[in-house]
Amino acid sequence: MFDAAASAATLDPAAMMQEFAAGDPRMAALVEMMQAQRAQPCNDVAAPDERDELIVEMSARLDAAEARLTKMTRIARQLHEAGRAASQRLSNLAAALGACGLCWGDDPACLGCRGRGRPGMVRPDPQIRAELFGAQSPAREAAMHSH
């Protein structure tokens, strides 16, 4: 069971800081500085008019930051969509040319082709090829695959 006095001491922030300070000289210096700050009276209290001006200024800065964040979020979404669309087009082009859609044969560690997926390494997808390059005559198609 917990001892009530021990658990109260462990929850006391000042006691915890003293305990940390006892084991670490840097922490002791920090605790000393914090205690000195608490002992000094705070004369930085702004007058009500100054506080109102500060609130208005901070509110305007917050509104501007929110507007920038909204704009950046919109741009990020557009960039993400453009990247996704470009990736899909590259995958379709790779399929139309018989290349690896992941690395185009440039990565020996590629899980799809182990670096061997350059264009022409596998049979191109005729449907995607026709969509991208137009329909080809059957004789030309047969000549391309007889190599």
Side-chain angles (χ1 to χ4, degrees), residues 1-136 140-141 144-145:
M1 292 277 161
F2 286 106
D3 182 10
S7 67
T10 59
L11 295 179
D12 178 30
M16 290 173 60
M17 294 298 285
Q18 291 298 332
E19 187 177 319
F20 287 134
D24 185 354
R26 292 177 295 174
M27 185 61 80
L30 180 63
V31 168
E32 187 177 314
M33 287 180 4
M34 290 172 60
Q35 288 172 343
Q37 276 186 333
R38 282 190 202 154
Q40 294 176 351
C42 182
N43 296 328
D44 294 341
V45 177
D49 290 340
E50 291 175 4
R51 281 187 261 156
D52 290 342
E53 289 175 16
L54 185 59
I55 289 171
V56 169
E57 178 188 344
M58 296 303 281
S59 179
R61 289 174 66 185
L62 179 61
D63 290 343
E66 286 176 345
R68 285 192 311 271
L69 178 62
T70 300
K71 182 180 178 181
M72 286 190 277
T73 301
R74 180 178 43 81
I75 291 170
R77 284 187 185 129
Q78 290 171 344
L79 289 172
H80 176 74
E81 180 59 31
R84 190 195 63 70
S87 178
Q88 183 61 48
R89 283 192 298 274
L90 282 173
S91 291
N92 285 344
L93 182 59
L97 297 175
C100 173
L102 299 174
C103 78
W104 286 71
D106 289 335
D107 183 5
C110 177
L111 297 176
C113 72
R114 297 188 190 130
R116 297 183 303 240
R118 297 205 180 273
M121 291 301 291
V122 296
R123 183 163 193 246
D125 184 309
Q127 182 179 356
I128 294 176
R129 187 176 183 90
E131 288 173 12
L132 292 176
F133 303 117
Q136 294 184 3
R140 184 174 176 190
E141 186 76 24
M144 287 182 64
H145 295 295

Result of checking Leu54, Val56, Ile55 against Met58 for side-chain contact (heavy atoms from CB on, under 4.5 Å): Leu54
Shortest non-hydrogen contact from Ile128 toward Asn92: CG2-O, 3.3 Å
For the student: nearest non-hydrogen atoms of Gly115 and Cys110, plus distance: N-CB, 4.3 Å
Minimum heavy-atom distance between Ala96 and Phe133, given as atom pair plus value: CB-CE1, 3.9 Å
Separation between CG of Asp52 and CD of Glu57, rounded to the nearest 0.5 Å: 13.0 Å
Flag if over 12 foreign heavy atoms under 6.0 Å of CD, Glu131: yes
Student check: side-chain heavy atoms of Gln78 and Arg74 closer than 4.5 Å: yes
Atom CD of Glu66 with >12 non-hydrogen neighbours under 6.0 angstrom: yes
Check: Gly83 main-chain N/O paired with Ser87 side-chain donor or acceptor under 3.5 Å: no
Nearest non-hydrogen partners of Arg116 and Met121, listed with the distance: O-CG, 2.8 Å
Note: Asp106-Arg118 ion pair, threshold 4.0 Å (strictly below): yes
Arg129 vs Leu97 side-chain heavy atoms within contact, under 4.5 Å: yes
Gly105 to Cys100 - nearest heavy-atom pair and separation: N-CB, 4.2 Å
Leu69 atom CG, neighbour heavy-atom count above 12 within 6.0 Å: yes
Arg89 side, atom CZ; Leu132 side, atom CG - distance, nearest 0.5 Å: 11.0 Å
